[in-house]
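Excluded from the calculations below are hydrogen atoms, water molecules and symmetry mates; all remaining heavy atoms, backbone and side chain alike, are included.
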Amino acid sequence: EGWASKGATALKTKHVRFTREQVDFLKNKFDEGTNGGHKIREHDAHQQMKDLFKDKDPNSLFSLRLVLTATQIKSSFSSQNQTRKKLAAKRVIDQALLDARATMD
């Protein structure tokens with residue numbers, strides 16, 4: 001056996017695919033914060049999700065079991081933010097390349 005601690009980092013994380021309804025909810029909440037509104041905190045988004053996903057039927061598209069934790073919501077917001085930053089940087093680079101080509105012609 002190795003000498004490293006087998007604490008929380010040794011536990012296998014469970015990968016979960018979000019449903020379309022969960023993804024749409026998260027995207028809408030993220031967009032509200034980036035389009036001039038105030039950015040929503042993950043705990044507030046969690047509470048709003050609990051209010052929306054309150055169907056007791058486990059097979060419903062808005063089942064209570066589909067409510068994400070604040071940590072999952074925070075991770076999703078972080079991923080969306082990184083994706084948008086990468087796209088913005090790519091647009092800036094592409095525009096700079098186009099401008100450089102135009103000056104060479």
Side-chain angles (χ1 to χ4, degrees):
E1 291 279 335
W3 53 270
S5 171
K6 292 189 170 56
T9 56
L11 298 175
K12 297 221 181 229
T13 57
K14 183 178 177 183
H15 296 281
V16 178
R17 289 217 175 240
F18 293 162
T19 65
R20 172 58 39 205
E21 290 73 22
Q22 289 170 316
V23 170
D24 290 344
F25 175 85
L26 293 169
K27 185 175 181 323
N28 288 336
K29 291 299 164 190
F30 185 80
D31 288 343
E32 284 175 15
T34 57
N35 293 334
H38 73 283
K39 292 184 180 178
I40 188 167
R41 297 180 56 102
E42 61 272 6
H43 296 287
D44 295 334
H46 171 72
Q47 187 59 47
Q48 290 178 13
M49 194 171 205
K50 279 174 47 176
D51 294 342
L52 179 64
F53 287 74
K54 58 185 171 188
D55 205 347
K56 301 231 185 283
D57 178 13
N59 296 322
S60 170
L61 295 176
F62 294 96
S63 172
L64 189 58
R65 69 179 181 81
L66 296 176
V67 174
L68 301 173
T69 65
T71 303
Q72 288 173 308
I73 293 170
K74 184 176 183 175
S75 176
S76 173
F77 286 173
S78 178
S79 295
Q80 289 181 57
N81 191 40
Q82 288 300 319
T83 300
R84 290 189 185 197
K85 281 183 180 179
K86 287 178 184 176
L87 288 173
K90 183 178 180 339
R91 281 193 295 267
V92 168
I93 292 170
D94 289 346
Q95 186 61 47
L97 288 173
L98 287 172
D99 292 346
R101 286 184 186 144
T103 58
M104 294 175 78
D105 291 338

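Side-chain contact check for D99 and Q95: at least one donor-acceptor pair (N or O, by modelled atom type) lies under 3.5 Å.
Residues F25 and L68 fail the side-chain proximity criterion, which asks for heavy atoms closer than 4.5 Å. Contact annotation: the side chain of Q48 never approaches that of L52 to less than 4.5 Å [non-hydrogen atoms, C-beta and beyond].
Applying the ring pair (Phe, Tyr, Trp, His ring centres under 6.0 Å) test to residues at least two apart or on different chains, the pairs with a partner in residues 26-46 are F30-F77.
Between the CG atom of D24 and the CD atom of Q22 there is a distance of 10.0 Å, given to the nearest 0.5 Å. One finds the CD atom of E42 at 12.0 Å from the CG atom of L26 (value rounded to the nearest 0.5 Å). How far CG of L61 is from CD of E21: 4.5 Å, rounded to the nearest 0.5 Å. With values rounded to the nearest 0.5 angstrom, R41 atom CZ is found 12.5 Å from I73 atom CD1. How far OG1 of T69 is from NZ of K74: 11.5 Å, rounded to the nearest 0.5 Å. The CD1 atom of I93 sits 12.0 Å away from the CG atom of L98 when rounded to the nearest 0.5 Å.
S76 contributes no side-chain N or O that, together with a main-chain N or O of Q72, makes up a donor-acceptor pair within less than 3.5 Å. At distances below 3.5 Å, not a single donor-acceptor pair connects side-chain atoms of S75 with backbone N or O atoms of T71.
Scanning all heavy atoms of the two residues, the minimum distance from K27 to Q80 falls at CA-OE1, 3.7 Å. The nearest pair of heavy atoms linking V67 to K50 is CG1-CG, 3.5 Å. The two atoms that bring S63 and P58 nearest to each other are OG-CA, 3.4 Å, heavy atoms only.
Other residues, nucleotides and ligands contribute over 12 non-hydrogen atoms within 6.0 Å of the CZ atom of R84.
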